[in-house]
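Take a look at the structure set out below.
The analysis underlying the following values was restricted to heavy atoms, covering all of them including side chains, and did not include hydrogens, waters or symmetry mates. Fair warning: this is a prediction, and the values are worked out from it, not measured in the lab.
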Amino acid sequence: AEKIQQEKFGKDLVNHKTYCIVGDGCLMEGISQESISIAGHLKLSNLIVLWDNNNISIDGKLDVATSENNKLRFEACNWNVIEIDGHNYDEIRAALKEAQKSDKPVMISCKTTIAYGSPNKADSAASHGSPLGDEEIALTRKNLNWNYDPFEIPEEILTNWNKAGSRSNSEYKKWNERLDESKFRKEFYRLQNSELPDFKPKLEKFKQATFLDKPHQATRKSSGATLEALCDAIPELIGGSADLTGSVCTKTSKMTSITEENFSGRYIHYGVREHAMGAIMNGLALHKGIIPYSGTFLVFSDYMKPAIRLAALMKLQVIYILTHDSIGLGEDGPTHQPVEHLASLRSIPNVNVFRPADAAEVAGSFEQALLHKETPSAIVLTRQNVGYFRNEYNKEGFGQYGAYIISDTALNIDPDVVILATGSEVQIAIETKDILHKSGFAVRVVSIPCIEIFAKQEKSYQNQILGPKSILKAGIEAGIYQGWHRYLGSDGIFIGMEGFGASGKAEDLFEHFGITAKNAAAKISEELIKRRNKKKSRIKEFKDEFDININKQIEI
């Protein structure tokens, strides 16, 4: 983020270091290798990592779990490594001073003793996750010649601490003066305050052109087309992908790649490092001035899950483009076919999961992702082609309420069934309606591009879309049932997946797993006929009881 912003605004305004303190366990986590690798590759020379190298983890000495040489590991990834005694202040100062001049990221290996000064618990796992205890604290104070009460700060230390805290006041004042005089002042504040430029006219023009063109294409391609318009209008959008650029359509025609020699680009090649990609986007968003988006396959969102969860917890505006969204990806086989991933993402608080049905909903999804500044957004897209469903132009973009009626009953009579669907299955829902209509059933089709946004609407709007609880609800989605009970109720019908996918062509797989209009119509009509017969039976029972009561009255 610092390198990108420095390229835009110059060193007079942006020129800072980023410090990270890590322990032995941090360097064992898989994400550490992904991050170390990409930082070294891009020569992120403003990154300084201090490793608290004490050779202890919760289970004991590190040799119970690892024996790697971290110095060689970092050097192999193109870092500079400095080794010091982590308790020697002169060595610490010298190392930090040397790190300022590095042309690569720097790892400072600080050899330390855990619980330093404790006579009985120093250099042992016993001090890793537990307090020393009153007796050991007293012994440690004596051992370190520390004759002060808890929370008492000696005057000498307090004076030096305050000097350290105020030493940069003059630099800060000079920086503010440079900013006030800079031609970038207005843009700098706009970006730091997360204020969007006026992107809506350009998006509106694009949506109108899409309506006239009515493209029948994969929603991943519609996403790429939408990004062409948005990235022109919003310079802070920084894209990327996890080695899948051509497949996920995240690099626009005008974007150049960020490299170790060029940070003026707007596209990051994250490599096959989904976890680091998610974490790096969190850092970009936290830094301010950047709205990061990136792409991978939906099934690989599993690798990113910890970073997605933290983005949601920290209320960050991060956009995940997740393509190849169902068994519809076909020949890549069941390992790449996501079935539980929509439910998994929807289960994370404060994440908007968009699954648009066509090009119009794709544009609407991106618009909502940009307007929700404290919520990460997952835009889930197809590999296979889908239709374009609208005969009338809707300026609002089909995303602001999360769900809407895409096809209603004739003459607006109450429906016998409301079919709810997302993404590519909206097309199946419309075909299902056509079959049921021929059998005399009144059917409403509802597209739900974003369940989370729909759930936040007024109950009156939800009831307007869904109709009374007594009306049969059916859901169609090429994923698992989990989460759908909220809208389908205990007696609703779900057409989707109960297990993993298989290898084959998309159309063959949908047929094999019964995610078809024919199967949906059969199940729905069976239930509707049951309900009609039950209703007739109740009417007959009521009539018989009425006749008996009338006859009794006559006799009386």
Side-chain angles (χ1 to χ4, degrees), residues 196-241 245-256 266-267 291 293-295 317 319-325 328 352 354-372 377-407 421-427 429-430 445-450 453:
L196 287 167
D198 188 13
F199 71 94
K200 288 194 175 181
K202 196 142 198 171
L203 183 60
E204 179 62 21
K205 185 177 179 182
F206 168 76
K207 289 193 290 189
Q208 289 177 356
T210 302
F211 174 72
L212 294 173
D213 189 35
K214 293 181 172 50
H216 281 57
Q217 61 188 16
T219 51
R220 62 173 172 156
K221 291 188 177 178
S222 299
S223 168
T226 306
L227 285 169
E228 286 281 349
L230 289 175
C231 289
D232 262 1
I234 306 173
E236 58 265 38
L237 278 170
I238 301 293
S241 90
T245 297
S247 296
V248 296
C249 306
T250 44
K251 188 177 183 184
T252 68
S253 60
K254 294 179 183 177
M255 275 186 171
T256 56
R266 293 175 60 188
Y267 196 82
I291 300 175
Y293 75 85
S294 71
Q317 187 172 33
I319 301 172
Y320 313 99
I321 294 171
L322 303 170
T323 72
H324 295 59
D325 68 347
N352 284 338
F354 296 91
R355 191 164 184 248
D358 64 5
E361 287 189 13
V362 169
S365 298
F366 272 102
E367 184 172 11
Q368 292 305 308
L370 290 166
L371 295 176
H372 284 75
S377 298
I379 301 179
V380 181
L381 307 164
T382 68
R383 177 197 187 192
Q384 74 274 26
N385 289 343
V386 296
Y388 188 89
F389 305 113
R390 30 228 95 240
N391 297 316
E392 296 180 6
Y393 181 68
N394 183 325
K395 187 175 181 179
E396 293 178 327
F398 307 101
Q400 72 276 31
Y401 301 123
Y404 64 99
I405 299 170
I406 197 167
S407 180
T422 73
S424 52
E425 287 75 76
V426 170
Q427 188 166 324
I430 292 172
V445 177
V446 173
S447 176
I448 315 183
C450 185
I453 292 178

With [X] via salt bridge (charged side-chain N to carboxylate O under 4.0 Å, His left out) - residues at least two apart:
{"X": "Arg266", "value": "none"}
{"X": "Asp213", "value": "none"}
{"X": "Lys214", "value": "none"}

Any side-chain heavy atom of [X] sitting closer than 4.5 Å to one from [Y]?
{"X": "Leu227", "Y": "Tyr293", "answer": "yes"}
{"X": "Phe366", "Y": "Ile321", "answer": "yes"}
{"X": "Thr252", "Y": "Asp232", "answer": "no"}
{"X": "Ser222", "Y": "Glu361", "answer": "no"}
{"X": "Glu367", "Y": "Gln400", "answer": "no"}

Mind checking side chain to side chain donor-acceptor pair (under 3.5 Å) for [X] and listing every partner two or more places apart, or none if nothing turns up?
{"X": "Gln317", "value": "none"}
{"X": "Thr422", "value": "Arg355, Glu477"}
{"X": "Ser377", "value": "none"}
{"X": "Gln427", "value": "none"}

Please identify each residue that fulfils side-chain contact (heavy atoms from CB on, under 4.5 Å) with Thr382, with sequence neighbours left out.
Ala218, Thr219, Asp325, Gln384, Val386, Ser424
Who passes side-chain contact (heavy atoms from CB on, under 4.5 Å) against Lys205, sequence neighbours left out?
none
Would you list the pairs meeting salt bridge (Lys or Arg N to Asp or Glu O under 4.0 Å) in which at least one residue belongs to residues 216-231, sequence neighbours left out?
none
Partners of Tyr267 by ring-ring contact (aromatic ring centres under 6.0 Å, His included), sequence neighbours excluded?
His269
Sorted by chain and number, sequence neighbours left out, ring-ring contact (aromatic ring centres under 6.0 Å, His included) with Phe389 holds for none
Taking atom CG of Leu203 and atom OG1 of Thr210, what is their separation to the nearest 0.5 Å?
9.0 Å
